[in-house]
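The structure appears below as structure tokens.
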Amino acid sequence: MEKNKHFPSVGVQIIKSDDKSAPLSVFTERKPIEKSDKSEQLSRDNSSNASEWISHPVDMRGLKELVDDSTILPQCIKAYKNNIAGFGLSVHYMSDYDKETAEMKAEWTKLEKIINLLNMDIMAKEVFENLIRDRETYGIAYCEVIRDFSGDVVQLEFIIDTPSIDMTYPLEPYMDVEYYYRGETVARKKKFRKFRQTIAGKTVYFKEFGDPRIMDKRTGTYLEEGVDPVEYDNQANEIIEFRIGSMPYGEVRWIGQVLTVDGNRRAEVLNNNYFREGRHTPLMIVVKGGTLSQESFDKLRSYMNEIKGENGQHAFVVLETETNENATAFQDEKQADIEIKDLASILQKDELFQEYQENGRKKTQSAFLLPDLYVGYTTDFNRATAQTAMEVTEKQVFQPERTSLAWTVNNRLLNGYCFRYVEAKFDDPDITNPDDIQKILNITERAGGLTPNLAKEITYNTLGKDGCEDYEGDWGDTPLQYVKASSEKQMEEPAYHKTPISSEKLKEVDEQIQKAHDNRDVEVVAVMKEVRKMLAEMGGVA
């Protein structure tokens, strides 16, 4: 092939890693391809003014005023607060372990102590209730995290004045942080924000939760090498934020309903002004062919001013009129005609804009995905619709919120404790329908899956009792339908095929019946008596 005169020739040499004849410089200059171990997405913090404080997109104090003046927002926010964190925060095992070890018990006790001592002034659940209340009001809420000398989280303080907190974008450089996952340490890189709180001209600085550096709470600067250390009392605490959405200051859930909320408030003000300052003219006195005398006018005015209360009961007024003086002597005098017209029909009989306000309530309420049952409007509910509304709202609204909040508590706030077996969970209400349980038990019993121990457990759970223990012996795990079928089969067989039941076995059952009777477990006693009857019919007493 003829060489191209316009391009120089290029030689290609394939060098293998085990080729000893290759020059040493080839291997020394070759570097492995490395992948970045940190986030490289572009954001506003990549710009030159990244260190500046982020301004609030909306007036957060104005949001609080709208909530205070609204006729529906407080109910929606309270429903979120009560149903997400209001049932309490408790300890649970991460999985269903076959056996509880000493290490598992120790972790359970430790986490239980942490939750109980998370705040010394109020219960831990009340701290999170306050968080949810402010988060649903402003779109974000904050807590101040306090650690002990060993670096463990020991206290959580809710920051009351949420609008007073400012933050920066995540700032350079990336910091090496450790993340614990069930005993395993995972290394990550992360950029952290700065926070500050300004009230009445005074400012205090905070660092973002998890930032390993030491910050001066007076200046917001980090401690550098070669600089005098910061006194312990002047070291900044951490702030952990709970936001809705991904924006720096969160996203207000009902921001699209601001005009609706404000319109409803103005409608209420209009109605209130009507009753306070509106003109109430119940009647009109028309005088034809004359005029009221000054004495009658004064008497009528005094009557209208004093008609309130008991002074106006059974009172009457006399009106006297005067004829017009411009009539000539040759004309017949005409008496003045007094006519009283009722104006009550044109008065406002009820508040204005009722339909507008009702539609506004529904639109605002729909932003929270809440049915009327949760905000005090229960006129159109019966038991079936109420049960369905509760089940749907639990699955679509409250359970996801509890799961997300519990993840933050376990995987961020308490991650440094590195729990392997236990975790904190927000308790949920029992919304099971007794009718559904009855149907399931009937089907289970006919299919042979209901045992005395299972029946006892379900009874205890339904009645809200604790300390349910299984019956001693294998018969407690034998399905009732199987026992019944075996009994009927043995009744049909000759007597010598029956297996006698020992008196000790029946005595054991009698003791269980007496124990259930002492505990006033009426349902359990009934079940146990049926079991004893079946056992006795299987072959008599040996």
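What you see below is based on every heavy atom in this structure, not just the backbone, and it leaves out hydrogens, waters and symmetry mates. For the single chain, residues carry numbers from 1 onward in sequence order.
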For the side chain of [X] and the backbone of [Y], is there at least one donor-acceptor N/O pair under 3.5 Å apart?
X: Ser70; Y: Val67; result: no
X: Thr385; Y: Asn382; result: yes
X: Arg243; Y: Pro248; result: yes

Could you tell me if the side chain of [Y] sits less than 4.5 Å from the side chain of [X], heavy atoms only?
X: Met175; Y: Pro212; value: yes
X: Arg253; Y: Arg135; value: yes
X: Asn237; Y: Val145; value: no
X: Thr260; Y: Trp254; value: no
X: Phe195; Y: Asp166; value: no
X: Leu63; Y: Val252; value: yes
X: Val127; Y: Leu118; value: no
X: Leu414; Y: Leu111; value: yes

TODO: For residues Tyr421 and Tyr97, establish whether the separation of their ring centroids is below 6.0 Å.
DONE: yes
TODO: Would you please indicate yes or no on a ring centroid separation below 6.0 angstrom for Tyr174 and Phe192?
DONE: no
If I compare all heavy atoms of [X] with all of [Y], which pair ends up nearest, and what's the gap?
X: Thr162; Y: Ala141; value: CG2-CA, 4.5 Å
X: Glu208; Y: Glu238; value: O-OE1, 3.9 Å
X: Ala85; Y: Phe128; value: CB-CB, 4.0 Å
X: Leu66; Y: Val258; value: CD1-CG1, 3.9 Å

Task: Within 45° cone of Trp53 ring axis and under 6.0 Å: Arg196 NZ or CZ - done: yes
Task: Lys/Arg cation over aromatic Tyr377: Arg361, 6.0 Å, 45° cone - done: yes
Looking only at side chains, do [X] and [Y] share a donor and an acceptor under 3.5 Å apart?
X: Tyr181; Y: Asn411; value: no
X: Glu401; Y: Gln399; value: no
X: Gln387; Y: Glu391; value: yes

Task: For Asp68, all residues meeting salt bridge (Lys or Arg N to Asp or Glu O under 4.0 Å), sequence neighbours excluded - done: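 So Asp68 forms a salt bridge (Lys or Arg N to Asp or Glu O under 4.0 Å) with Lys64.
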Which atom pairs, one a donor and one an acceptor, fall under 3.5 Å between side chains of residues 71-81 and the rest of the protein, sequence neighbours left out?
{"residue": "Gln75", "atom": "NE2", "partner": "Thr71", "partner atom": "O", "Å": "2.7"}
{"residue": "Tyr80", "atom": "OH", "partner": "Phe368", "partner atom": "O", "Å": "2.7"}

- [ ] Can you label the angle between the Tyr417 ring and the Phe419 ring as parallel, tilted or perpendicular, going by 30° and 60°?
- [x]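 Ring orientation, 0 to 90° scale: parallel.
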TODO: Quick one: sort the Tyr93 and Trp108 rings into parallel, tilted or perpendicular, breaks at 30° and 60°.
DONE: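 Correct class here is tilted.
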TODO: Mind checking side-chain contact (heavy atoms from CB on, under 4.5 Å) for Tyr180 and listing every partner two or more places apart, or none if nothing turns up?
DONE: Glu178, Thr185, Asn415, Cys418
Open item on the list: Between Glu126 and Arg133 (salt bridge meaning N to carboxylate O under 4.0 Å), is one present in this structure?
Closed with: no
